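First comes the structure, then the notes that go with it.
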Number of protein chains: 2
Amino acid sequence: MGLKFIESKNLDLEIKRDNLYFEERLDTSSDWIEKRTGIKTRFFTELDTEEMTKKLVKNFKSDIENLDLIICASFSTKRRMPSLSSIARETIGANENVLCLDINLACAGFSAALILAEKYLEKGRKALIFACEKISDYMDFSDRSTAILFGDGAAGVIVEKNEKLFISDTKSLNHENTLNLYEGETITMEGKKVYRFAVEEVPKSLKKLMCESDLKPDEIDKIILHQANYRIINSVLKNLEIDEDKSFSNLDVYGNTSAATIPIVIAENFEKIKDGEILLMSGFGAGLSVVSILMEC
Amino acid sequence: MGLKFIESKNLDLEIKRDNLYFEERLDTSSDWIEKRTGIKTRFFTELDTEEMTKKLVKNFKSDIENLDLIICASFSTKRRMPSLSSIARETIGANENVLCLDINLACAGFSAALILAEKYLEKGRKALIFACEKISDYMDFSDRSTAILFGDGAAGVIVEKNEKLFISDTKSLNHENTLNLYEGETITMEGKKVYRFAVEEVPKSLKKLMCESDLKPDEIDKIILHQANYRIINSVLKNLEIDEDKSFSNLDVYGNTSAATIPIVIAENFEKIKDGEILLMSGFGAGLSVVSILMEC
């Protein structure tokens with residue numbers, strides 16, 4: 001039993017920052033940032049996560065009569081009650097019997113929410129799955145090792161349960177303070193450890209799914225990896241022997257928007273993901289966690 | 001397909017406050033608090049939610065070989081990365097393939113997590129579902145309308161998927177600022193609106209489940225309602241025509257611990273919930289949300 005993407009939307013944010021912005025303020029250079037991360041610009045917003053949620057979900061035009069579930073993935077929302085998912089339900093005027101919940105699995109949150117939707121829904125029923133991250137609230141803009149990496153972002157999909165292929169793999173490793181956030185503080189990260197974790201564990205997880213479904217690299221049509229660093233993305237693709245042109249990426253424009261990276265990529269490439277294609281996805285980050293999906297679109 | 005409670009644990013907290021504590025500090029009286037709410041004492045802690053999680057999950061002794069899922073329900077954790085669920089996994093040494101995620105649906109979070117577990121697990125597989133609330137971090141101790149109501153708390157269950165009866169009903173209504181929390185502020189609540197919502201919507205939700213399973217009030221063996229106010233609990237029982245002695249309650253001792261109230265009740269009454277008994281549960285609160293379950297134990 002699987003999921004079909006019915007519609008996908010990204011929220012445009014108003015403040016665009018290029019690498020020069022950081023070069024002017026920190027001991028770093030525009031070139032260095034681009035060469036080390038692949039990031040050229042990122043967006044920030046003055047909106048809070050409640051306002052972002054309302055603006056995002058108003059963009060969806062699909063029929064929501066069969067909607068049974070709304071999940072918002074976020075590690076960075078300051079809105080704790082009511083949940084962003086229940087604000088989304090009210091905004092789109094969905095049925096009151098929709099189960100609304102917010103989840104936090106950091107950068108792997110959107111993939112995890114898709115897995116929950118696939119388990120929760122009955123055939124023909126729908127879910128609205130979105131991510132809403134205002135990471136700028138938790139960034140230290142004086143720390144050149146993290147300030148350059150992140151952006152705010154919100155995007156989502158409406159999915160419908162069908163009978164196509166959908167398998168997943170999840171992993172949660174020891175955290176050892178590798179990627180941390182405690183309320184009132186800012187994000188801290190040991191970049192090298194996160195890099196090593198990602199280039200080792202993400203290919204393992206995706207190979208397991210390809211093995212389980214008996215699919216070879218050339219039978220994978222599209223791949224969407226969490227947009228954290230282009231060197232991680234390239235390493236994973238090379239390890240999997242999957243052609244670069246099957247991989248969607250917009251890290252250069254948006255930076256790392258945590259749970260929002262995968263749905264932003266989906267929204268921007270929605271027309272290019274065709275019915276029947278085999279899509280690989282993998283979210284990974286704090287936990288340390290990997291949440292991967294192999295699905296027929 | 002249903003769930004069996006394998007084990008349940010509550011975390012003892014170190015700071016006990018009776019109503020006199022508030023009488024001495026606020027324009028209120030010990031008697032008034034008890035008469036209006038049913039609460040006599042509540043517990044607070046100096047531990048943070050990460051420490052609470054570690055202490056709680058170390059209490060579980062069950063075999064965790066078949067564990068596939070860990071969910072922590074919390075609206076009040078300051079730990080944003082890594083998730084409390086991944087900290088729990090590391091603490092108990094569970095398999096790295098366990099899906100770990102934190103959810104926030106306020107007071108209905110534990111019931112929602114049970115529903116997700118029932119959908120996620122395959123037969124014979126297990127989940128650790130717990131709530132961890134440090135509400136004292138978000139209370140205004142000078143506001144007599146909210147300070148007297150809440151307590152900190154952490155408790156959970158290990159469940160195993162089986163083939164018994166398990167049905168659920170969820171509702172998410174308009175919020176209209178009835179029960180709010182934004183980071184950096186404290187909980188605000190319009191008590192009368194929450195009361196009216198609860199006494200109307202909770203019985204409707206539970207009657208729907210009884211109707212769907214064709215069970216009459218005298219066929220319900222046990223009922224556990226979210227512990228917010230004894231007048232809500234009594235009104236719901238009366239409306240449902242379910243005997244008070246079938247209802248477990250410990251509101252007098254713990255106050256409202258949000259998502260933790262239902263698992264604390266389960267942990268304290270674990271031996272009294274017998275195999276084959278029909279159990280009703282309902283969590284309700286901010287959203288405004290109701291999440292109800294009817295299950296055969």
Side-chain angles (χ1 to χ4, degrees), chain A residues 48 50 68-71 73 75-87 89-90 94-106 108-109 112-113 115-116 119-121 137-138 168-175 177-185 187 285-289 291, chain B residues 48 50 68-71 73 75-87 89-90 94-106 108-109 112-113 115-116 119-121 137-138 168-175 177-185 187 285-289 291:
Chain A
D48 65 26
E50 180 168 348
D68 283 338
L69 178 68
I70 299 177
I71 303 180
F75 82 90
S76 60
T77 176
K78 287 182 178 263
R79 171 61 61 200
R80 287 172 178 265
M81 296 197 296
S83 61
L84 295 176
S85 48
S86 66
I87 291 166
R89 189 210 64 78
E90 200 174 344
N95 189 307
E96 291 180 344
N97 287 112
V98 169
L99 175 60
C100 301
L101 55 100
D102 289 2
I103 72 167
N104 173 13
L105 189 54
I115 294 173
L116 295 178
K119 299 281 188 185
Y120 186 81
L121 296 175
D137 279 344
Y138 296 100
S168 61
D169 178 62
T170 70
K171 201 155 207 179
S172 177
L173 298 164
N174 299 349
H175 66 88
N177 297 315
T178 313
L179 193 39
N180 271 23
L181 178 60
Y182 191 78
E183 192 60 57
E185 301 172 3
I187 298 168
L288 296 165
S289 302
V291 178
Chain B
D48 64 27
E50 181 168 347
D68 283 337
L69 178 69
I70 299 179
I71 303 179
F75 81 89
S76 59
T77 176
K78 288 183 177 263
R79 171 60 62 199
R80 287 173 177 264
M81 295 197 297
S83 61
L84 295 176
S85 48
S86 67
I87 291 166
R89 189 210 63 80
E90 199 174 346
N95 189 307
E96 291 181 345
N97 287 111
V98 169
L99 174 61
C100 302
L101 56 100
D102 290 1
I103 71 168
N104 173 13
L105 189 54
I115 293 172
L116 294 178
K119 298 280 187 186
Y120 187 81
L121 296 175
D137 279 343
Y138 296 100
S168 61
D169 177 63
T170 70
K171 202 156 205 178
S172 177
L173 299 164
N174 299 348
H175 66 86
N177 297 315
T178 314
L179 193 41
N180 271 24
L181 178 60
Y182 191 78
E183 192 59 55
E185 301 173 2
I187 298 167
L288 295 164
S289 303
V291 178

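If you're wondering where the values come from, they're calculated on a predicted model, not measured in any experiment. To find a chain, count down the sequence lines: A is the first, B the second, and so on, and within it residues start at 1.
- In this structure, the side chains of A/Phe75 and B/Asp102 stay at 4.5 Å or more apart for every pair of heavy atoms.
- A donor-acceptor contact shorter than 3.5 Å links the side chain of B/Thr170 to the backbone of A/Asn97.
- With hydrogens and angles ignored, the 3.5 Å screen pairs a side-chain donor or acceptor of B/Arg80 with a backbone N or O of A/Thr77.
- Both the backbone and the side chain of B/Ile103 have a heavy atom closer than 4.5 Å to some heavy atom of chain A.
- Of the atoms belonging to A/Leu84, not a single heavy atom falls under 4.5 Å from chain B.
- In terms of heavy-atom pairs under 4.5 Å with chain B, the best-connected choice from A/Thr178, A/Leu179, A/Val291 is A/Leu179.
- Closest approach of B/Leu181 to A/Arg79, counting heavy atoms only: O-NH1, 3.5 Å.
- Minimum interatomic distance between A/Ser172 and B/Val98 (heavy atoms only, all atoms of both residues): CB-O, 3.9 Å.
- The greatest number of non-hydrogen atom pairs below 4.5 Å with chain A, out of B/Asp169, B/Asn95, B/Asp48, is found for B/Asp48.
- Of the listed residues A/Ile87, A/Asp137, A/Asn180, A/Leu173, the one with more heavy-atom pairs under 4.5 angstrom with chain B than any other is A/Asn180.
- Neither the backbone nor the side chain of A/Ile71 comes within less than 4.5 Å of any heavy atom of chain B.
- To the nearest 0.5 angstrom, A/Met81 atom CE is 10.5 Å from B/Tyr138 atom OH.
- Of the inter-residue distances, the one linking A/Lys119 atom NZ with B/Leu69 atom CG reads 10.0 Å to the nearest 0.5 angstrom.
- In terms of heavy-atom pairs under 4.5 Å with chain B, the best-connected choice from A/Glu96, A/Lys171, A/Glu185 is A/Glu96.
- With respect to chain A, the highest number of heavy-atom pairs below 4.5 Å among B/Leu101, B/Ile70, B/Asp68 belongs to B/Leu101.
- Only the side chain of A/Leu116 comes within contact range of chain B, with at least one heavy atom under 4.5 Å from a heavy atom of that chain.
- Atom CZ of B/Arg89 sits about 5.5 Å away from atom CG of A/Asn174, to the nearest 0.5 Å.
- The two residues B/Ser83 and A/Asn104 have their closest heavy-atom pair at CB-O, 4.0 Å.
- Most heavy-atom pairs under 4.5 Å with chain B: of the set A/Ala286, A/Ala94, A/Cys100, this distinction falls to A/Cys100.
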